[in-house]
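Structure first, then comments.
To find a chain, count down the sequence lines: A is the first, B the second, and so on, and within it residues start at 1.
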Number of protein chains: 2
Amino acid sequence: MAARATRQQIVDAADDLFYTRGFAATSFADIAAAVSISRGNFYYHFKTKDEILDAVIEKRLADRERLLARWNETATDPARRIECFIRIVIANQTKIMAHGCPVGTLVTELTKLGHASTDNANRIMTLFRDWLTRQFEDLGCGTAALENALHVLSWSQGVATVAQAIGDDAFVRREVDRILQWLEAVRQNATRPH
Amino acid sequence: MAARATRQQIVDAADDLFYTRGFAATSFADIAAAVSISRGNFYYHFKTKDEILDAVIEKRLADRERLLARWNETATDPARRIECFIRIVIANQTKIMAHGCPVGTLVTELTKLGHASTDNANRIMTLFRDWLTRQFEDLGCGTAALENALHVLSWSQGVATVAQAIGDDAFVRREVDRILQWLEAVRQNATRPH
DNA sequence: AAGCTATTAGGACAATCATCCTAATAGACG
DNA sequence: CGTCTATTAGGATGATTGTCCTAATAGCTT
């Protein structure tokens, strides 16, 4: 098999396992078993566990960048783009209720481990923050753009954590409705005065 | 030394280490070293790591129950009580920015580990949920009480996660102002119609 | 077909972990 | 003072971990 393909399989499996079980709780053997290759083969592609982690982070980052680029194309209105972000908690509801937010839980875990790749993982969080900030700027929020971006980001993390902990189906939908109402109010306030 | 005192020291040290480093990343040796006792002595008090975890959960639960009982006494207005809950993210801001929310991060970790004590840890989360629900009921929110309680709980988890990840000082204060404004609006809407 | 390189397999290694056991000690009580 | 029990110390153990090494294989080039 081509090395590229095997490497890709490893990263995909690690991505999934790091999400569902956590980084520290996932062993070399776990990933190798998921891809059905030997640990020796594994070592050929990745020398250390941290290398796999960095590869997974890069993959997640690239995935999210693609997602944001798609939203930039499909939705012309910045409010609609923010709505796309908000609705991912519904689209991924099942997974979120089982394992939380892939971004937030990884950053939290790495921070507690004092892991060197914490800042690296945080790039995904700041990617969303910066993209959201840009959308609120385009909406005409001015200096409040960053504040509003962090508000939405914080909202998503809270919903993910509580959804995972308490597992209330209706809760997620209600929270989405709430934040969408807030977004509409922000949109009207922002576009009116200018 | 009295067995009670040693046991208490172990639980206190484990509580701190589970919070700052995580449950899985904390070893028997780590806790024993923090208390300056031998692993053998350790085993006399706790047979398994899960026993320590359960003891830590009980301690945290008791601590929070005491905290809520104090708020019940010091604040007569339910809105003021909810405000007490909201302000803990400021009171504990330094720790939260370093290690996140003690309750949320533990539940998240245990869920990913598939640990048997996940439900047990979740009792702390539902303790807050139920207490908040009671306050919103007393505020006159009726059927919306639970919904509002989950909203505040979700808010606190989101703030903790983003504060830990991005570490913006002003962010926490702004979010507290925001949610207090929301709380005031809820209070006025709830008390007026009835 | 032959040879070379990229890829894979599988075992060895030391370190760390939770757990368990036995011996030493201390503190209370007769 | 002496005995008994509660408490502590510290090492042994088997399992698991990340990491590393060497040999086998497959796929491409000539």
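- For the segment residues 44-60 of chain A, residues with any heavy atom less than 4.0 angstrom from an atom of DNA chain D are, sorted by number, Thr48(A), Lys49(A).
- Shown for residues 13-24 of chain B: no residue has heavy atoms falling under 4.0 angstrom of DNA chain D.
- The side chain to side chain donor-acceptor pair (under 3.5 Å) search around Thr105(B) returns Lys112(A), not counting sequence neighbours.
- Remark on DNA chain D: of its neighbouring residues Gly40(A) and Thr26(A), the 5'-side contact belongs to Thr26(A), judged by nearest-heavy-atom nucleotide.
- Distances from the side chain of Phe28(A) to the nucleotides dT19(C), dA9(C), dT19(D) place dT19(D) closest.
- For the side chain to side chain donor-acceptor pair (under 3.5 Å) test, no residue two or more places apart in sequence or in another chain qualifies with Arg39(A).
- Ionic pairing of Asp138(B) and Arg134(B) is present here: one or more N-O contacts between side-chain nitrogen and carboxylate oxygen are shorter than 4.0 angstrom.
- Under the side chain to side chain donor-acceptor pair (under 3.5 Å) criterion, the residue pairs touching residues 87-101 of chain A are Glu83(A)-Arg87(A), with sequence neighbours excluded.
- Rounded to whole angstrom, the span from the OH atom of Tyr43(A) across to the C1' atom of dA24(D) amounts to 18 Å.
- Residues meeting the side-chain contact (heavy atoms from CB on, under 4.5 Å) test with Ile124(A), sequence neighbours left out: Ile57(A), Arg60(A), Leu61(A), Arg64(A), Val103(A), Phe128(A).
- Counting only residues at least two apart or on different chains, the side chain to side chain donor-acceptor pair (under 3.5 Å) pairs with a member in residues 153-163 of chain B are Trp155(B)-Glu175(B).
- Using a 4.0 Å heavy-atom criterion, one finds that Ser36(B) contacts no nucleic acid atom at all.
- If you measure from atom CD of Gln9(B) to atom C1' of dT7(D), you get 14 Å, rounded to the nearest angstrom.
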Side-chain donor-acceptor pairs under 3.5 Å in residues 67-78 of chain B, sequence neighbours left out?
from	atom 1	to	atom 2	distance (Å)
Asn72(B)	OD1	Trp131(B)	NE1	3.0
Thr74(B)	OG1	Arg70(B)	O	3.1
Asp77(B)	OD1	Ala79(B)	N	3.3

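- Within the structure, salt bridge (Lys or Arg N to Asp or Glu O under 4.0 Å) contacts touching residues 144-166 of chain A (residues at least two apart or in different chains) are Glu147(A)-Arg174(B), Glu147(A)-Arg178(B).
- A cation-pi contact, defined as under 6.0 Å to the ring centre and within 45° of the axis, links Lys47(B) to Tyr43(B).
- Distance CD (Gln8(B)) to P (dT7(D)): 15 Å, rounded to an integer number of Å.
- Using a cutoff of 4.0 Å between basic side-chain nitrogens and carboxylate oxygens, Asp63(B) and Lys59(B) are scored as salt-bridged.
- Using a 4.5 Å heavy-atom threshold, the side chains of Leu110(A) and Leu106(A) count as touching.
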So which protein N/O to nucleotides 12-16 of chain D N/O distances come out below 3.5 Å?
from	atom 1	to	atom 2	distance (Å)
dA12(D)	N6	Arg39(B)	NH1	3.4

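- Under the side chain to side chain donor-acceptor pair (under 3.5 Å) criterion, the residue pairs touching residues 114-125 of chain B are Asp50(B)-His115(B), Asp54(B)-Ser117(B), Asp54(B)-Asn120(B), Glu58(B)-Arg123(B), Asn120(B)-Arg123(B), with sequence neighbours excluded.
- Within residues 106-114 of chain A, no residue places a heavy atom under 4.0 Å from DNA chain D.
- Side-chain contact between Leu17(B) and Phe23(B) is absent, with no heavy-atom pair separated by less than 4.5 Å.
- Side-chain N/O atoms of Asn41(B) include one lying less than 4.0 angstrom from OP1 or OP2 on dA9(D).
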